[in-house]
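Quick note: residue numbers are just sequence positions, from 1.
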Amino acid sequence: MNPCRLGVNAFQTSVQAAAHSLTRRCTSSLPAALLSNRCFSISPTTQHQPQLPRGGHARNTVAGPTLLSGPRPVLPRCLGIRTIIASSAVITHYVDLPPNYTDEKGLPFAKHDLKPAEVVAHFGPRISTTAANKLLRILHGRRVAGTLEDPSLRINTMAFTNEDQRIALEYLRSNVPVDEIANAGLRAEDELAALEGGGPAKSQQTEIPPEYQNRVKLYKDADVSPKKDGVYGPSALDAIRARNKAKWEAELKRREEEKKRREEEERHGKAGPLQVAGKSQTRQLSAKMQEYIVQGQSDLKEPPKMKKWQRVLPSAAFVVTLSGLCLALAEFYTPPKRADRLLPDIPPAAATVGTLILANLLGWGLWKIPPMWRFLNHYFILVAATPRVPTMVSAAFSHQKFFHLVQNMALLWFFGVRFHDDVGRGTFLATYFASGALGALGTLTWAVMRNRMEVASLGASGAVYGISAAYFWLHRFESFRIFGLPPPPNEGFQGLTLLSLAVGLNIGAMFTASRFTVDITSHLVGMGVGILAGHLVEERKKATTGRQKSWLYI
């Protein structure tokens with residue numbers, strides 16, 4: 001089976017994936033989830049608009065970004081400003097802080113940003129790759145600038161949860177060594193120098209540009225008239241605060257004008273002035289399509305409160321009952337005569353496997369019908385947060401991606417027809433449904449026991465692996481060639497070797513980033529069921545042969 005992860009908003013990603021395939025040119029609106037063999041969907045991180053900082057008057061303090069914004073001239077050490085040419089691409093010392101550093105942009109924490117698989121491995125499926133790298137840059141910049149505890153800078157990380165910030169800080173401290181205490185101490189020295197007014201006499205100082213002087217001294221020179229600004233003259237902090245407020249008001253005005261312009265263009269279907277030449281205009285979703293997306297999503301804010309056995313037991317009871325019926329089908333099924341078959345001119349193996357392929361194709365087609373999304377999300381996806389008994393079987397007939405469907409159906413046809421010829425229709429169908437259902441139950445049990453409520457699964461991978469494993473087990477000592485390799489006169493690979501290779505590849509994937517996109521549990525359980533089915537077929541053949549010999553002796 002193949003999964004598609006769904007987080008606390010249980011069905012959001014699967015709906016977006018289906019909508020993406022219908023509106024290919026709307027990639028910016030609906031990011032598709034990767035559903036290659038089993039995938040976990042990541043709920044997008046909500047981006048909050050920054051709030052206007054509350055301006056309290058602090059007479060004897062220097063604001064966090066005051067010393068670090070704007071150009072940084074080369075000043076004597078006595079002024080508390082230190083500059084050294086950094087020898088490494090990643091800045092780790094306060095004295096190497098570039099003059100254009102801002103807390104909002106941060107500093108590069110590595111030669112390259114984290115890749116999506118690495119972000120998922122460290123942060124889990126709750127934050128996007130872009131947001132995670134932005135958070136890492138901001139926190140690394142604060143470690144170097146000595147502003148980790150500066151409350152005035154929290155506006156730049158308001159969009160991130162405390163848990164994400166904790167994980168990011170742990171990652172940086174483990175992989176990018178920085179002496180945070182020393183950097184904070186150097187920053188404190190610079191702030192103290194600014195509070196004291198700038199250090200030694202002017203004759204011993206390097207010339208300071210006029211636009212930088214107010215960043216080193218708390219107040220302007222004493223020749224300013226104190227009539228309206230108090231006995232100490234106008235405060236440099238007040239000037240900075242007023243300047244920042246004016247910039248923020250201008251930014252809010254610009255954003256509001258941009259929003260109105262964009263809405264006007266969307267109403268009239270016009271492209272904006274920043275549209276790249278040669279690129280087609282993004283097609284907007286209709287109101288009806290947006291309604292289907294909302295209906296298909298779950299309104300759950302968190303998984304329902306249930307004990308672990310309450311999540312697993314109903315599905316387990318259903319799968320055990322189904323497995324018993326599969327054993328009965330394999331034991332007592334009698335194939336009809338050719339004249340009684342619905343398609344007498346088609347071989348039984350081709351008819352059986354072809355019917356399963358058509359059923360899977362129908363399941364894929366239903367995902368292309370937006371009004372069906374709500375129904376499919378309830379009954380055709382196995383969701384650990386809200387398990388439903390029918391999904392133990394129905395999820396094996398559900399595919400959202402065409403490539404995923406083709407991949408599974410090609411293997412089903414190649415191995416299914418051959419296995420059907422060996423064992424007949426009853427045993428074939430029993431193996432297919434038992435492998436798919438037990439594989440789904442294995443995934444549900446694994447997710448619940450590990451509290452992975454965001455895990456969801458769909459696809460026929462578990463059933464296909466079961467059919468393939470059963471076929472290789474029956475022919476485990478026979479030789480097979482893959483695309484004509486190895487060439488004659490060399491013998492091919494034994495079936496047991498190919499079966500061991502499939503098991504080894506899935507176990508090895510558990511230690512790579514594929515464990516976040518592939519339902520390895522369903523694959524392994526499906527192969528285990530297939531091997532057991534092959535063994536039972538062999539035992540039944542031996543028993544049948546023994547009975548025939550006993551009749552001969554009689």
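- Considering only heavy atoms from C-beta on, Val518 comes within 4.5 Å of His523 through its side chain.
- Taking Ala509 as the reference, Thr512, Ser514, Ile520 meet the side-chain contact (heavy atoms from CB on, under 4.5 Å) condition, with sequence neighbours excluded.
- Listed by chain and residue number, Arg540 satisfy the side-chain hydrogen bond (donor to acceptor under 3.5 Å, both in side chains) test with Thr427 (two or more places apart in sequence, or in another chain).
- Distance check: Leu429 CG to Ile467 CD1 gives 8.0 Å after rounding to the nearest 0.5 Å.
- Taking 4.0 Å as the cut-off between side-chain N and carboxylate O, Glu454 and Arg452 count as a salt-bridged pair.
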Next item on the list: Go through the steps for Gln295 and Trp373 under the test side-chain contact (heavy atoms from CB on, under 4.5 Å), then give the verdict.
Entry: CA-CA 8 Å; Gln295 291 177 355; Trp373 287 345; over 6 Å; no
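- Of all the heavy atoms in Leu139 and Leu148, the pair that sits closest is O-CD2, 4.2 Å.
- Between Phe380 and Thr391 the shortest side-chain heavy-atom distance does not fall below 4.5 Å.
- When all heavy atoms of Ala384 and Val448 are compared, the pair lying nearest together is O-CG2, 4.4 Å.
- When all heavy atoms are compared, the tightest approach of Ser435 to Gly462 is CB-O, 3.7 Å.
- Residues satisfying the side-chain hydrogen bond (donor to acceptor under 3.5 Å, both in side chains) criterion with Glu163, sequence neighbours excluded, are Arg166.
- Here CE of Met306 is found 9.0 Å from OG1 of Thr386. Values are rounded to the nearest 0.5 Å.
- Of all heavy-atom pairs spanning Arg476 and Glu538, the tightest one is NH1-OE2, 2.8 Å.
- Among residues two or more places apart in sequence or in another chain, the side-chain hydrogen bond (donor to acceptor under 3.5 Å, both in side chains) test is passed with Arg173 by Glu180.
- With sequence neighbours excluded, the residues that form a side-chain contact (heavy atoms from CB on, under 4.5 Å) with Val525 are Leu438, Thr521, Val529.
- For the ring pair (Phe, Tyr, Trp, His ring centres under 6.0 Å) criterion with Phe472, the lone passing option out of Phe415, Tyr465, Phe477 is Phe415.
- Across all non-hydrogen atoms, the minimal contact from Ala460 to Asn360 is CB-OD1, 3.9 Å.
- With values rounded to the nearest 0.5 angstrom, Glu291 atom CD is found 11.0 Å from Ile293 atom CD1.
- By the side-chain hydrogen bond (donor to acceptor under 3.5 Å, both in side chains) test, Thr161 pairs with Asp164, sequence neighbours left out.
- Between the side chain of Thr157 and the backbone N or O of Phe160 there is no donor-acceptor pair closer than 3.5 Å.
- With contacts defined as side-chain heavy-atom distances shorter than 4.5 Å, the pair Arg311/Lys307 does not qualify.
- Atom CG of Leu499 sits about 12.0 Å away from atom CD of Gln494, to the nearest 0.5 Å.
- Between the Asn506 side chain and the Ala502 main chain, a donor and an acceptor come within less than 3.5 Å of each other.
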Check: Does the pair Leu382 and Met392 meet the rule for a side-chain contact (heavy atoms from CB on, under 4.5 Å), with working shown?
Finding: CA-CA 7 Å; Leu382 189 161; Met392 296 293 103; 3.2 Å; yes
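- Within 6.0 Å of the CD atom in Glu149, the count of heavy atoms belonging to other residues, nucleotides or ligands does not exceed 12.
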Which side-chain N or O atoms in residues 113-123 pair as donor and acceptor under 3.5 Å with protein atoms at least two apart or in another chain?
residue, atom, partner, partner atom, Å
Asp113, OD1, Arg137, NH1, 3.3
Asp113, OD2, Arg137, NH1, 2.8
Glu118, OE1, Lys115, N, 2.9

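- Between the side chain of Arg143 and the backbone N or O of His140 there is no donor-acceptor pair closer than 3.5 Å.
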Practice problem: Test side-chain contact (heavy atoms from CB on, under 4.5 Å) on Leu356 and Phe397 and set out the steps. | Solution: CA-CA 9 Å; Leu356 290 175; Phe397 294 90; 4.1 Å; yes
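- The aromatic ring centres of Trp364 and Phe402 sit less than 6.0 Å apart.
- Residues passing the side-chain contact (heavy atoms from CB on, under 4.5 Å) test with Ser479 are Glu491, sequence neighbours excluded.
- With contacts defined as side-chain heavy-atom distances shorter than 4.5 Å, the pair Leu366/Phe375 does not qualify.
- With contacts defined as side-chain heavy-atom distances shorter than 4.5 Å, the pair Phe419/Leu474 qualifies.
- No side-chain donor-acceptor contact under 3.5 Å links Thr497 to the backbone of Phe493.
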* Please test Gln165 against Glu170 for side-chain contact (heavy atoms from CB on, under 4.5 Å), starting from the C-alpha separation and ending with a verdict. => CA-CA 9 Å; Gln165 295 183 46; Glu170 289 181 356; over 6 Å; no
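- Between the NE2 atom in His378 and the CG atom in Leu376 there is a gap of 11.0 Å [rounded to 0.5 Å].
- Sorted by first and then second residue, the side chain to side chain donor-acceptor pair (under 3.5 Å) pairs involving residues 414-425 (not counting sequence neighbours) are Thr352-His420, Thr352-Arg425, Asp422-His475.
- Annotation: side-chain contact (heavy atoms from CB on, under 4.5 Å) contacts of Lys305 (sequence neighbours excluded): Glu302.
- Taking both residues in full, the closest heavy atoms of Ser398 and Trp367 are given as OG-NE1, 2.9 Å, listed atom of the first, atom of the second, then distance.
- Classified by interplanar angle (parallel below 30°, tilted 30° to 60°, perpendicular above 60°), the ring pair Phe428/Tyr432 is parallel.
- Taking the side chain as every heavy atom from C-beta outward, Asn156 and Arg142 approach each other to under 4.5 Å.
- Taken from CG in Leu362 to CD1 in Ile357, the straight-line distance is 14.0 Å, to the nearest 0.5 Å.
- Every residue was checked against the salt bridge (charged side-chain N to carboxylate O under 4.0 Å, His left out) condition with Glu478, not counting sequence neighbours, and none meets it.
- Side chains of Trp446 and Val455 form a contact here, defined as non-hydrogen atoms less than 4.5 Å apart.
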Could you go through residues 324-346 and list every donor-acceptor pair under 3.5 Å that involves a side-chain atom there, pairing it with any protein atom two or more places apart or in another chain?
residue, atom, partner, partner atom, Å
Arg338, NE, Pro344, O, 3.1
Arg341, NH2, Pro344, O, 2.9
Arg341, NH2, Ile346, O, 3.2

